[in-house]
Amino acid sequence: MSSDFYRNVYRVVAEIPEGKVTTYGAIATCLGVASGARMVGYALNQLIHEKSDEPLPAHRVVNRLGQLTGRAWFPGDTMRERLEQEGVRFTEEYTVDIDKHFWDPGLNI
DNA sequence: CTAATGACGACAC
DNA sequence: CGTGTCGCCATTA
């Protein structure tokens, strides 16, 4: 399990700076599979049952619209609260200002 | 090996 | 402008 693809996703997600967010598509593109946005989400989905001493900041990964599609995988509003706590602006209750806090992995990884 | 699924994305209607 | 449908690629059944 945990193919290189997964580790790749985990590494990118782990590099997301606080107060910044990125999209599934951006990560996928960074990994080489531009159309593998679904795979990124799938990889993160596996990370739920994956035990880690230091959980990955998956809450900083949103879809291209900035919507917290993964909020359902976090208890309560943990995802929204954490992002808000890091200084991320919200255009809506569950939508971040992706345009101002977008972080491109390709420019930093 | 074939079929189905998925924390998405883009396009069609 | 909101909804629906297909495509994308890896993993699982």
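Sequence lines set the chain letters: A, B, ... in the order given, protein chains first and strands last, and positions in each chain run from 1.
Here the CD1-CZ distance, from Ile98(A) to Arg89(A), works out to 14.5 Å after rounding to the nearest 0.5 Å. Taken from CZ in Phe90(A) to CG in Leu68(A), the straight-line distance is 5.0 Å, to the nearest 0.5 Å. To the nearest 0.5 Å, the span separating CD1 on Ile16(A) from CG on Asp104(A) amounts to 11.0 Å. Interatomic distance, Thr23(A) OG1 to Trp103(A) CH2, rounded to the nearest 0.5 Å: 11.0 Å.
For DNA chain B, no neighbouring residue in residues 26-34 of chain A is found when judged by any heavy atom under 4.0 Å. Less than 4.0 Å separates DNA chain B from no heavy atom of any residue of residues 77-93 of chain A. Shown for residues 58-70 of chain A: residues whose heavy atoms fall under 4.0 angstrom of DNA chain B, namely Ala58(A), Asn63(A), Arg64(A), Thr69(A), Gly70(A).
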What donor-acceptor contacts under 3.5 angstrom involve side-chain atoms of residues 76-83 of chain A, with partners at least two apart or in another chain?
from	atom 1	to	atom 2	distance (Å)
Asp77(A)	OD1	Tyr94(A)	OH	2.8
Asp77(A)	OD2	Tyr94(A)	OH	3.3
Thr78(A)	OG1	Pro75(A)	O	2.4
Arg80(A)	NH1	Glu84(A)	OE1	3.4

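Transitive grouping of hydrophobic side chains (ILVMFWY, heavy atoms separated by less than 4.5 Å) brings Tyr6(A) and Leu47(A) into a common cluster. Note on Val61(A): it clusters hydrophobically with Tyr42(A), by side-chain heavy-atom contacts below 4.5 Å among ILVMFWY residues. When the side chains of ILVMFWY residues are joined at heavy-atom separations under 4.5 Å, either directly or via intervening members, Tyr10(A) and Val62(A) end up in two distinct hydrophobic clusters.
For the salt bridge (charged side-chain N to carboxylate O under 4.0 Å, His left out) condition, no pair includes a residue of residues 9-22 of chain A, sequence neighbours left out.
At a threshold of 4.5 Å between non-hydrogen side-chain atoms, the residues Phe5(A) and Val33(A) count as touching. Side-chain contact between Phe102(A) and Thr22(A): present, with at least one pair of heavy atoms (C-beta onward) separated by less than 4.5 Å. With a 4.5 Å cut-off on side-chain heavy atoms, Arg60(A) and Glu86(A) count as touching.
In terms of the side chain to side chain donor-acceptor pair (under 3.5 Å) criterion, Arg38(A) has no residue partners (sequence neighbours excluded). Gln67(A) is linked by a side chain to side chain donor-acceptor pair (under 3.5 Å) to Asn63(A), counting only residues two or more places apart in sequence or in another chain. Residues passing the side chain to side chain donor-acceptor pair (under 3.5 Å) test with Thr69(A) are Tyr24(A), sequence neighbours excluded.
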Show the distances under 3.5 angstrom between N or O atoms of the protein and N or O atoms of nucleotides 1-3 of chain B.
none

Between protein and nucleic acid, restricted to nucleotides 5-7 of chain C and to nitrogen or oxygen atoms under 3.5 Å apart, what atom pairs and distances do you find?
from	atom 1	to	atom 2	distance (Å)
dG7(C)	O6	Arg38(A)	NH1	2.4
dG7(C)	N1	Arg38(A)	NH1	3.2

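The distance from atom CD1 of Ile48(A) to atom P of dT11(C) is 17 Å, rounded to the nearest whole Å. Distance, Asn45(A) CG to dA10(C) C1': 13 Å, rounded to whole Å. Atom pair Tyr42(A):OH and dA7(B):C1' shows a separation of 12 Å (rounding to whole Å applied). Put simply, CZ on Phe5(A) is 13 Å from P on dT12(C), counting in whole angstrom units.
Between Ser3(A) and dT11(C) there is a side-chain N or O to OP1 or OP2 distance below 4.0 Å.
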